[in-house]
Amino acid sequence: MIKVLLLANGLDTSDLAEALEAHLITLCPVELALPKGAPVNEEQVASLLDAHSDFDGLIFAPAFAASGTLTASLDDMLDLLATSFVYVKAALASFETRNVSGRLISLLPGDAAMGDPAQLLDSTLAGAMLSLFRTLALELRKTPITANTLMYAAAPSESSPEKMMLADTQSLAALISMFLGKETRGVNGQEIYALGAADVGRLHP
Amino acid sequence: MSTLPSNGIITGAAGGIGRELTLTLASAGIDLIATDLDQDRLNDLVKATYDLPGRVIGVAGDMLDPDLPSRLCKRAQEDFGGIELLVNCSGWLKDARVQKMPVDLFRQLISVNLIGPLRLIEAVTPIMKKAGQGRIISIASRAWLGNFGSSGYSCAKGGVVGASRSLALDLAPSGITVNCIAPGFIETPMARSLPPHILERVLDAIPVGRAGTVEDVAALVLFLAGSASGYVTGQTLVACGGRSISDPITKI
């Protein structure tokens, strides 16, 4: 089995975990995920990842569960990005120490990434994560580690209305499986829009 | 013939690109509230605009100060009666590979390059909405496409581009356009301070064979500020001498 850790907030990923099992991938939500106002503690994150020492990849899915005013949420934005960055650093250190071809995957809301007038916070966050992963991919170019981005479509979760549910978990699971494969080392810094063509005819960010 | 706004706010006004933008906009007759962290350089800038048709008022301030946006807006409304243009030009760059970048530095890069400009945009938009017109121009960076060694800066500029796409759609019905300019390597004091071996490598990677100039960026700002660009919104204009379509630099 391939083991992949998930850092997410505001996203119901239970269906994704089930879909990934069909690809022999175990999805492990990390205990200290990306809560609002999470303290950025590098030692804490490193020891948390040590507890999952055999993980093959890390999926980042930061999002704002509810829209709020920009000013009220800017500190949260900073914390979300900084926390993600700490996990990136810790994951890279773990991959390098273990000498494994680790995989970093950013899972972003496609409508927000394309630019959604009702989702300023998520559009900002998605833009920031996209660029972070592009830079990561360049820096990892000569290593066995890759960093890629997947855009998803989502709808409010039926079981937890405060959370968003992934719309097409089968496609996402197949793509995550592809990114995690040892044979896709050359797939690095890519961005796939799994939106059922909702992005076609629009300029990608 | 393009009609220009009569007034506006510009941040990072005393810096390399910001200074030239301020002089260009004031030369075109636009009254400006110009802000920068450096009081002395701001004073020097204001002096340089005395003979220009646009009036420039310097207001020193730190983009990390949450009260700065309201101060700038108040001053613009008191002195000019409104805000028709916002040019977000403040920026700060410090490079390090991801594994070597301290988290505090990453946070600082996000704060200066993303959080500060967003605060100002939020303060300015109600005023522009009320007036039924406005131009918001953010100086992003080609690093938004990914840039070796610039994770914090690149991440922040990507956030600015993402926010601008959302804002452009939200504000379009109010007569406000929101665009970004993504300059590549521009000849500024900050750029000239790079170690010679890095500078050489960067210049070698630019297809047109030269660094960009602040005038290259100013021309785009003037276009986006004017009425001729009223049908252009949510766009990121990349001015990088072709580097965005050539091989990336993968070592520094």
Side-chain angles (χ1 to χ4, degrees), chain A residues 40-42 45 69-75 77-86 88-93 96 104 108 111-143 147 189 191 202-205, chain B residues 66 69 97-111 113-116 118-119 121-123 125 140-141 143-173 178 180 234-236 248-252:
Chain A
V40 179
N41 182 326
E42 287 188 82
V45 168
T69 65
L70 187 59
T71 301
S73 305
L74 285 177
D75 287 342
M77 172 92 65
L78 184 58
D79 284 340
L80 274 171
L81 289 171
T83 305
S84 298
F85 186 72
V86 171
V88 165
K89 286 182 67 166
L92 291 179
E96 283 175 1
L104 299 175
L108 301 175
D111 50 357
M114 292 299 292
D116 184 334
Q119 297 187 66
L120 174 57
L121 292 166
D122 273 327
S123 290
T124 307
L125 188 62
M129 288 297 290
L130 258 177
S131 293
L132 175 61
F133 266 62
R134 288 170 178 168
T135 291
L136 258 177
L138 283 174
E139 293 191 13
L140 296 172
R141 203 173 170 190
K142 291 181 179 166
T143 76
E191 290 147 14
R202 301 171 69 186
L203 283 174
H204 287 169
Chain B
R97 292 190 65 170
V98 168
Q99 287 104 318
K100 291 183 176 172
M101 179 170 287
V103 179
D104 285 347
L105 174 58
F106 180 86
R107 287 182 74 95
Q108 211 174 346
L109 285 161
I110 299 295
S111 296
N113 295 299
L114 174 61
I115 306 295
L118 286 181
R119 276 201 193 106
I121 288 173
E122 187 165 56
T125 46
S141 166
W144 142 73
L145 294 168
N147 200 53
F148 193 97
S150 305
S151 54
Y153 187 70
S154 165
C155 178
K157 294 299 187 181
V160 170
V161 171
S164 296
R165 290 174 71 104
S166 167
L167 286 162
L169 293 171
D170 186 30
L171 300 174
V178 185
C180 292
Q235 303 304 306
T236 300
I249 295 172
T250 53
K251 239 182 186 181
I252 54 171

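Just so it is clear: chains get the letters A, B, ... in the order the sequence lines come, proteins before strands, and each one is counted from 1. Everything numeric here is computed off the predicted structure, so don't read it as measured data.
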Contact origin within [X] toward chain A - heavy atom pairs under 4.5 Å:
X         : value
Ser154(B) : both
Ser111(B) : both
Leu114(B) : side chain
Pro102(B) : backbone

Is there side-chain contact between [X] and [Y], with at least one heavy-atom pair below 4.5 Å?
X         : Y         : value
Phe85(A)  : Val98(B)  : yes
Cys155(B) : Thr135(A) : no
Phe148(B) : Arg141(A) : no
Leu118(B) : Thr124(A) : yes
Met77(A)  : Ile110(B) : no

By a 4.5 Å heavy-atom criterion (distance strictly below it), what part of [X] contacts chain B: side chain, backbone, both, or neither?
X         : result
Leu92(A)  : side chain
Leu81(A)  : both
Ala137(A) : neither

For the backbone of [Y] and the side chain of [X], can you confirm whether one donor and one acceptor N or O come within less than 3.5 Å of each other?
X         : Y         : answer
Arg165(B) : Ser123(A) : no
Ser166(B) : Asp116(A) : yes
Lys157(B) : Ser131(A) : no

- Apply side-chain contact (heavy atoms from CB on, under 4.5 Å) to Arg107(B) and Asp79(A), showing your working. CA-CA 8 Å; Arg107(B) 287 182 74 95; Asp79(A) 284 340; 3.0 Å; yes

If I compare all heavy atoms of [X] with all of [Y], which pair ends up nearest, and what's the gap?
X         : Y         : value
Leu120(A) : Ala163(B) : CD1-O, 3.7 Å
Gln235(B) : Leu203(A) : OE1-CD1, 3.3 Å
Glu96(A)  : Gln99(B)  : OE2-NE2, 2.8 Å
Arg97(B)  : Glu139(A) : NH2-O, 2.9 Å

- First locate atom CD of Gln119(A), then atom CG of Leu169(B), and finally report the distance between them rounded to the nearest 0.5 Å.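 Nearest 0.5 Å value for the CD-CG distance: 11.5 Å.
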
- Message: Below 4.5 Å, heavy-atom pairs only: which of Gly189(A), Ala93(A), Gly127(A), Ala128(A) has the largest tally toward chain B?
- Response: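 The candidate making the most pairs under 4.5 Å is Ala128(A).
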
